[in-house]
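Presented below is the structure to which this report refers.
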Amino acid sequence: MVAKLPPVYKDIEPLLRTERFPTIWCPACGIGLLLKTFAKAIVESGIPPEKHVVVSGIGCTGRIAGYLRVDSYHVTHGRAIPFAIGIKLAKPELEVSVISGDGDICSIGGNHFIHAARRNHDINVIVVNNFIYGMTGGQMGATTPKGARTMTSPYGNIEEPFNIPLLAYAAGASFVARWTVFHDKQLLEAILKAFEIKGFSVIEVLSPCAIYADRNNMDMLQLIRILRTNTRVKHDASLEELRIEPGKPIILGNFVERRDRPSFEELIYGIIKKCKRG
């Protein structure tokens with residue numbers, strides 16, 4: 001049975017596999033909001049849907065590829081980025097985006113992440129950060145805030161979490177941004193910028209998770225309020241300021257707009273052209 005969407009979704013409905021609705025995501029999860037915003041970005045980009053490719057890994061966010069009616073791939077844990085790079089190298093004319101969770105990209109896939117940024121591969125990486133391994137029961141991850149309780153840190157996390165925008169910039173990314181799923185207009189604009197930039201683009205998207213709220217004995221509405229109201233937009237923030245700490249405002253913005261250096265694909269195809277001529 002195909003789900004019937006309200007008229008407000010008319011522009012993006014052709015890009016959604018509504019026969020697979022309702023989604024598997026928990027009530028109040030923010031990934032569905034990202035799905036809507038990303039589909040809208042495809043429509044507004046002017047790039048034909050057949051030129052878009054989406055790759056996702058394992059986890060709650062990994063399911064997003066299955067709801068988009070574009071060429072999409074759901075691959076093994078931590079391997080979304082190298083899979084996407086292979087597609088981009090074979091078909092450089094495609095707009096290739098990775099959409100996966102913080103655990104998939106920054107934990108098991110962390111090595112792929114930093115080297116893809118270093119090489120400046122021309123792909124877009126959207127990291128959905130819900131601060132925990134949600135699908136597998138609530139283990140601590142590389143982005144879990146210090147002091148947060150999880151299944152594997154019942155007395156509070158003692159580890160420093162990754163500052164994803166700082167990590168992306170330090171590794172060499174050409175575009176770096178952070179928004180929440182509730183800042184849909186700004187997130188849409190950031191995704192459109194990522195499509196334009198020739199190089200490695202990283203957008204951290206903060207999203208509420210019922211598992212994270214439950215493990216921290218927090219009402220889900222309280223977590224949503226934090227992500228909606230305890231935020232400050234500061235595009236020119238020092239990347240050191242972007243650590244996410246309980247009780248402190250979360251800094252959002254487009255922090256690195258455009259780094260002026262060639263992408264890996266431009267360089268490699270330049271070498272190929274030279275070889276053909278010579």
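All values derive from a computational prediction rather than experimental measurement.
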Does the ring-ring contact (aromatic ring centres under 6.0 Å, His included) test come out yes or no for His121 and Phe264, once each step is laid out?
CA-CA 5 Å; His121 283 285; Phe264 183 89; 4.5 Å; yes

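Atom CZ in Phe182 sits 11.0 Å away from atom CZ in Arg225 (nearest 0.5 Å). To the nearest 0.5 angstrom, Gln186 atom CD is 8.0 Å from Thr180 atom OG1. Here the OG-NZ distance, from Ser45 to Lys40, works out to 12.0 Å after rounding to the nearest 0.5 Å. Separation of atoms CD1 (Ile224) and CZ (Arg228) is listed at 8.5 Å; rounding is to 0.5 Å. In this structure, NZ on Lys248 lies 10.5 Å from CD on Glu241, to the nearest 0.5 angstrom.
In this structure, Tyr133 and His77 have perpendicular ring planes: the angle between them is above 60°, well past the 30° mark. Note: Tyr212 and Phe131 have tilted aromatic rings, judged against thresholds of 30 and 60 degrees for the angle between ring planes.
In this structure, Tyr67 has its ring center under 6.0 Å from that of Phe21.
A salt bridge is defined here as a Lys NZ or Arg NE, NH1 or NH2 lying under 4.0 Å from an Asp or Glu carboxylate O, and Arg243 with Glu160 meets this definition. Using a cutoff of 4.0 Å between basic side-chain nitrogens and carboxylate oxygens, Arg69 and Glu19 are scored as salt-bridged.
Glu189 meets the side-chain contact (heavy atoms from CB on, under 4.5 Å) test with Lys185; sequence neighbours excluded. Residues satisfying the ring pair (Phe, Tyr, Trp, His ring centres under 6.0 Å) test with Tyr73, not counting sequence neighbours, are Phe83.
Test Ile123, Val53, Ile47, Asp122 against Leu94 for side-chain contact (heavy atoms from CB on, under 4.5 Å) and you get one pass: Val53.
For Glu240, the CD atom counts as loosely surrounded, since its 6.0 Å shell holds 12 or fewer non-hydrogen atoms of other residues, nucleotides or ligands. The local environment of CZ in Arg118 is crowded, with over 12 non-hydrogen atoms from other residues, nucleotides or ligands closer than 6.0 Å.
Closest non-hydrogen pair, Gly172 versus Asn120, comes out as O-OD1, 4.1 Å.
With Asn129 contributing its side chain and Val205 its backbone, the two residues share no donor-acceptor pair below 3.5 Å.
The other members of the hydrophobic cluster of Leu239, by chain and number, are Leu166, Tyr169, Val176, Leu242, Ile251, Phe255, Val256 (side-chain heavy atoms under 4.5 Å, ILVMFWY only).
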